[in-house]
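For reference, the structure is listed below as C-alpha cells.
Below, read A as the first sequence line, B as the second, and so on, with proteins coming before strands; counting in each chain starts at 1. Values below: every heavy atom of this structure, side chains too, minus hydrogens, waters and symmetry copies.
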2 protein chains.
Amino acid sequence: MRWAGAGVINLKTKSGGTQNSGDLKAIFHAKRLKCTPQRLAVLKVLKESGAYLSINMLDKKVKEMLPGTGLATVYRALETLEELGLVAKVHLEDGCHSYAVAPEGHMHPIVCTECNKVIDFAECPLGELSEKLTQDTGIVIQNHFLQLFGKCRECQA
Amino acid sequence: MRWAGAGVINLKTKSGGTQNSGDLKAIFHAKRLKCTPQRLAVLKVLKESGAYLSINMLDKKVKEMLPGTGLATVYRALETLEELGLVAKVHLEDGCHSYAVAPEGHMHPIVCTECNKVIDFAECPLGELSEKLTQDTGIVIQNHFLQLFGKCRECQA
DNA sequence: CTTATAATTGAGAATCTTTCTCAATTGCGC
DNA sequence: GCGCAATTGAGAAAGATTCTCAATTATAAG
C-alpha cells in the first residue's frame, strides 16, 4: 500500500479557507447537496492536516473522527468537495493521488517532499507566458497545472 | 476503460529526440540494460505518435508493431525508459497516466485537451521564481511540475 | 560463431485502487 | 414531524498495476 502524508500531524500550515459552518452549509445547499457529517469530516481532516493526504491516510483519519465512515464515502466526499472548489487534487510523483484544502484565489502549491506539507503561493508566472505562447504557437491555453517540490524548513534539519 | 490518445495517429509533432539506434544501445548498455525489441517498440510508438498515450493505447499500438508483447512488458519498458530519461510520464486531468517521448533539455508540455498532442516549450518561468520563493519561505525548491492545457490549431476548427 | 550468464519476457495470478449497486438511512424543505 | 430525494455503508465489480516464475534472449567473453 502506498500513501502520502505518513506521520504528518496537525501542521496547520494552511488556514484552509475561512468558511464557517454556516458558509459551508450555504455552499452545499446552493448546489442542492447535503451538508453531511461525512463530508464535513473529510474537509476537517484536510484542514487540520495542512498537507497533502492520500486516500488511505484520509480514510484512516476520517474513520478516527467519524467511526463507521466507509471508504467509498471518502471517495465520494472528495469528488463532491473538489467540484465545490473546497479541496484540490494533486498527483504526487509516485502516481499516488492526494488531496488538500483548496487555497483561495489562484495559487500554486509548494509540496515538501519529506512531509507533504503544503504552502501555497500566489505569484503565478503563467499569465504573461500563456499569452506569449498562444501568439507563438496558435494554441489557445486554457489551463495550467503547476506544483513545486522542495524541502521545508523543518525537514531540512 | 479510460484511455488518452483516442484517434491520435502519427501527428509527428515531436521529433522525439535525435538518438539513432546506436545511441540508444549505448544508453541502455551504460546501465547494463538490454536493448530489446519490446523496449524499442514502446519508444518507437511514442515517437511516431507525438502525443501523450495512455498505457492501454500504448499496449494496443505496441502489440500491432510487435505482436505477442505483454502488457506487463509495456509497463516495465515504460518504467525503464522513464528512468533513462527517454520518456516522460504525465497525469492527465482525469487521473489517467500517460506517457510521451521526453523532450531534450528543460521543457514543459502544452497538451491539447482534444487530441492529447504535445508541444513542448522551453521558456520555463520557474528559475527566478524558485529563488524568490526560497528566499521568501525558506523552502529549498528542488523540482517542479508544470503542464499547460489548451486547444491546438487543428482542434480549434 | 558458440557458449554461459544474467536480464528480460509472457502469461496469468495477485494486489491495489476506484467505481458501482442497492437497500437502509438521513438531511432538509415544507 | 413528514416525505422525499440525496447520501451512506458494505461488499461486489471493474480497472490499473505489480508480482511470480519458467522460458527466452541479448550480450560479453572465448
Any side-chain N or O of [X] less than 4.0 Å from the OP1 or OP2 oxygen of [N]?
X	N	answer
Y75(A)	dT19(C)	no
T69(A)	dT8(D)	no
Q38(B)	dG10(C)	yes
H29(B)	dA28(D)	yes
K25(B)	dT27(D)	yes
H97(A)	dT17(C)	no
T36(B)	dA26(D)	no

- Can you check whether T137(B)'s main-chain N or O pairs, donor with acceptor, with R153(A)'s side chain at less than 3.5 Å? yes
- Message: Could you check whether the side chain of R76(A) and the base of dG9(D) have a donor-acceptor pair of N or O atoms closer than 3.5 Å, going by distance alone?
- Response: yes
- Message: So for atom NZ, which belongs to K44(B), do other residues, nucleotides or ligands contribute more than 12 heavy atoms lying within a distance under 6.0 Å?
- Response: no
Output the rounded distance in Å from [atom1] ([X]) to [atom2] ([N]).
X	N	atom1	atom2	result
L78(A)	dT7(D)	CG	C1'	15 Å
L24(B)	dA26(D)	CG	P	16 Å
E79(A)	dT7(D)	CD	C1'	13 Å
K34(B)	dA4(C)	NZ	C1'	11 Å
D59(A)	dG11(D)	CG	P	14 Å
L71(A)	dA12(D)	CG	P	15 Å
K31(B)	dA7(C)	NZ	C1'	16 Å
L33(B)	dT25(D)	CG	C1'	15 Å

- Message: Please classify the nucleic acid contact of R39(A) as base, sugar-phosphate, or nothing, using heavy-atom distances under 4.0 Å.
- Response: sugar-phosphate
- Give a yes or no on whether the ring-centroid distance for F145(A) and F145(B) is below 6.0 angstrom. yes
- Name the residue closer to the 5' end of DNA chain C, choosing between F28(A) and P67(B) according to the nucleotide with the nearest heavy atom. P67(B)
- Message: Between E154(A) and K117(A), does any side-chain N to carboxylate O distance fall below 4.0 Å?
- Response: yes
- Item | Side chain proximity check, L58(B) to L78(B), heavy atoms < 4.5 angstrom | yes
- Query: If you check the C35(A) side chain, which of dT27(D), dG11(D), dC28(C) turns out closest?
  - Reply: dC28(C)
- Note on the structure: Against the side chain of P37(A), the closest entry in dT17(D), dG9(D), dG27(C) is dG27(C)
